[in-house]
Amino acid sequence: MLEKEYHILKDFQLESGEVIPDLTMEYAVQGTKKLDEDGKITNAFLYLHGWSGDCNSVENLNPVIGPGKVIDTNQFCVISTTALGTPGSSSPSTTSMGTAFPEYSIKDLAVAQYELLTQGLGIEHLRGIMGTSMGGFQALHWALEYPDFMDFMILHATSHHFSNRMFGVYHLMSEIIEDDTEYNQGKYTQNPTKAMEKVAYLSYLWSLAPDNYEECFQSKKEFLEGVKERKADSVDWDANDLVWRNKAVFNHDLTHELSRIEVPSLVIGIQQDQIVDEKFSLRPLYEGLPQAELFIYQSIWGHYGCIRDVSKSSEAIEKFLADK
């Protein structure tokens with residue numbers, strides 16, 4: 001596991017105008033730093049995690065990020081952050097503010113990362129950004145807010161907007177939590193465990209390819225054992241953190257902004273992804289970006305294929321980076 005580091009952003013102003021006096025940003029660094037004559041890092045590469053990850057999620061991409069891999073840590077200094085609103089960085093649970101924690105946007109996540117890199121780490125330029133799932137949402141905001149800050153983007157299992165079905169799944173997650181009596185309008189003293197388990201169950205039903213549920217389980221009993229394992233993941237989730245995060249993604253829609261993004265981009269998708277589907281989420285992203293390449297692969301793991309089968313994208317990434 002990578003060593004986590006921390007930086008405090010003073011008086012961080014959100015898109016809403018609200019201010020977080022001391023915003024903690026968690027991050028990790030791996031790879032070889034290359035410095036210019038002024039001591040500035042010239043080979044920085046930023047990885048942005050998905051909905052349920054943190055800065056250590058980059059290690060799930062070891063098949064493509066690491067020494068000698070297509071994103072070679074002998075050539076790149078890879079920085080991974082924990083997004084604002086996710087434990088490790090400031091969130092409703094880690095600040096003990098609960099419902100008093102201000103609501104934030106996806107743009108706020110990107111701006112906080114920019115301030116971490118520029119103010120905390122002294123980085124003035126990125127070679128590239130890779131965003132997986134919700135991390136891709138943030139990468140697109142980076143391209144809109146700081147178009148000259150990076151040379152390229154890799155957008156994996158992500159989109160420029162929430163499709164109606166995607167919105168429905170995550171909206172139901174929030175409803176399950178908010179309607180639970182133990183949630184108590186966010187003023188709970190103990191995490192509403194049963195509600196969080198139901199949320200994890202719902203997430204599990206959409207995260208994999210349809211074939212996975214049939215081919216990987218030989219009986220209903222085996223399937224429920226798989227569900228039980230997924231429910232166990234929810235032990236580490238905080239209800240307010242999740243509700244606040246979902247509020248941010250509900251408003252993610254860059255449909256009318258895509259044509260302004262000139263950063264060369266590789267859009268990677270999974271044909272069996274039920275969350276970021278090909279027809280309504282992936283191809284419209286690719287078609288809306290002026291300088292984009294598209295690669296789609298097969299994975300029985302569905303949306304999880306962006307981790308479980310990420311090696312299938314290795315050749316496409318290598319080809320994309322060849323002239324970058």
Side-chain angles (χ1 to χ4, degrees), residues 14-16 18 20 48-54 57 81-95 97-113 131-141 157-188 191-207 230-231 233-255 273-277 280-281 303-304 306:
L14 300 167
E15 191 175 7
S16 65
E18 293 195 68
I20 300 177
L48 304 173
H49 67 78
W51 182 84
S52 61
D54 63 15
S57 296
T81 69
T82 297
L84 185 168
T86 298
S89 291
S90 292
S91 73
S93 65
T94 58
T95 59
M97 292 176 68
T99 56
F101 193 85
E103 294 181 15
Y104 54 85
S105 66
I106 298 296
K107 178 180 174 180
D108 290 326
L109 273 56
V111 173
Q113 291 151 2
T132 302
S133 192
M134 191 183 81
F137 297 0
Q138 298 159 62
L140 290 168
H141 277 279
T158 192
S159 184
H160 59 293
H161 74 140
F162 243 35
S163 67
N164 288 338
R165 185 173 67 165
M166 194 192 311
F167 168 77
V169 171
Y170 286 84
H171 187 264
L172 180 55
M173 285 183 185
S174 293
E175 278 197 342
I176 288 170
I177 294 171
E178 293 174 306
D179 290 346
D180 190 276
T181 55
E182 291 184 7
Y183 181 66
N184 191 28
Q185 297 182 314
K187 296 177 175 61
Y188 50 90
N191 213 25
T193 305
K194 290 298 181 183
M196 299 304 285
E197 288 184 346
K198 291 175 183 176
V199 162
Y201 195 167
L202 176 63
S203 172
Y204 185 72
L205 293 176
W206 287 102
S207 297
R230 178 59 174 166
K231 284 182 175 181
D233 292 342
S234 70
V235 171
D236 297 324
W237 299 351
D238 176 80
N240 280 332
D241 287 345
L242 190 152
V243 170
W244 260 238
R245 189 179 310 138
N246 282 353
K247 288 178 182 179
V249 296
F250 291 161
N251 294 316
H252 174 63
D253 189 352
L254 299 176
T255 302
D273 193 337
Q274 296 191 93
I275 294 178
V276 181
D277 66 285
F280 296 105
S281 301
H303 191 64
Y304 286 173
C306 64

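A ring-centre distance under 6.0 Å is not found for H252 and F162.
Taking OH of Y170 as the reference point, atom CE of M134 lies at 9.5 Å (rounded to 0.5 Å). Once rounded to the nearest 0.5 Å, the distance linking CD1 of I20 with OG of S89 reads 10.5 Å. Interatomic distance, K194 NZ to S234 OG, rounded to the nearest 0.5 Å: 10.0 Å. Between atom CD of residue E178 and atom CG of residue N184 there is a gap of 12.5 Å, rounded to the nearest 0.5 Å.
Across every non-hydrogen atom of P192 and D180, the tightest pair is CB-OD1, 3.9 Å. Between S281 and M166, the shortest heavy-atom distance links the atoms OG-CE, 3.8 Å. Looking at every heavy atom in both residues, S90 comes nearest to T95 through CB-CG2, 3.9 Å. Of all the heavy atoms in L140 and H160, the pair that sits closest is CD1-CA, 3.8 Å. Between W206 and I275, the shortest heavy-atom contact is O-CG1, 3.7 Å. Residues C306 and T132 approach most closely at SG-CG2, 3.4 Å, considering heavy atoms.
With sequence neighbours left out, W237 forms a ring-ring contact (aromatic ring centres under 6.0 Å, His included) with W51. Evaluation of the ring-ring contact (aromatic ring centres under 6.0 Å, His included) rule for F280 yields no partner, not counting sequence neighbours. Y201 meets the ring-ring contact (aromatic ring centres under 6.0 Å, His included) test with no other residue; sequence neighbours excluded. Considering only residues two or more places apart in sequence or on other chains, A112 meets the side-chain contact (heavy atoms from CB on, under 4.5 Å) condition with L9, F12, L23, M25, L84. With sequence neighbours left out, the ring-ring contact (aromatic ring centres under 6.0 Å, His included) criterion links Y188 to Y183.
Considering K107, H49, Q113 as possible partners of Q138, the one that fulfils the side chain to side chain donor-acceptor pair (under 3.5 Å) test is Q113.
Put simply, the side chain of M97 does not reach to within 4.5 Å of the side chain of P92, judged on heavy atoms. The side-chain heavy atoms of H141 and D108, taken from C-beta on, include no pair separated by under 4.5 Å. Residues F101 and N240 form no side-chain contact, since every pair of their non-hydrogen atoms from C-beta on lies 4.5 Å or further apart. Side-chain atoms of M196 and I176, non-hydrogen and from C-beta on, never get closer than 4.5 Å to each other. At least one side-chain heavy atom of N246 sits less than 4.5 Å from a side-chain heavy atom of M173.
Under the 3.5 Å distance criterion, with hydrogens and angles disregarded, a donor-acceptor pair is assigned to the side chains of E15 and S105. For S133 and H303, the side-chain atoms include at least one donor-acceptor pair closer than 3.5 Å. For the 3.5 Å distance criterion, the side chains of T94 and S91 qualify, holding a donor opposite an acceptor.
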Determine, stepwise, if the pair W244 / T99 fulfils side-chain contact (heavy atoms from CB on, under 4.5 Å). CA-CA 9 Å; W244 260 238; T99 56; 4.0 Å; yes

Could you go through I106 and V249, starting from their C-alpha distance and side-chain angles, then the distance that decides it, and tell me whether this counts as side-chain contact (heavy atoms from CB on, under 4.5 Å)? CA-CA 7 Å; I106 298 296; V249 296; 4.0 Å; yes

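Using a 30° and 60° split on the angle between ring planes, F167 and F250 fall in the perpendicular class, above 60°.
One N or O on the side chain of S207 and one on the backbone of S203 form a donor-acceptor pair closer than 3.5 Å.
The neighbour count for D179 CG, taken as heavy atoms of other residues, nucleotides or ligands under 6.0 Å away, is above 12.
Evaluation of the salt bridge (charged side-chain N to carboxylate O under 4.0 Å, His left out) test over residues 233-247, restricted to residues two or more places apart or in two chains, returns E103-K247, R230-D233.
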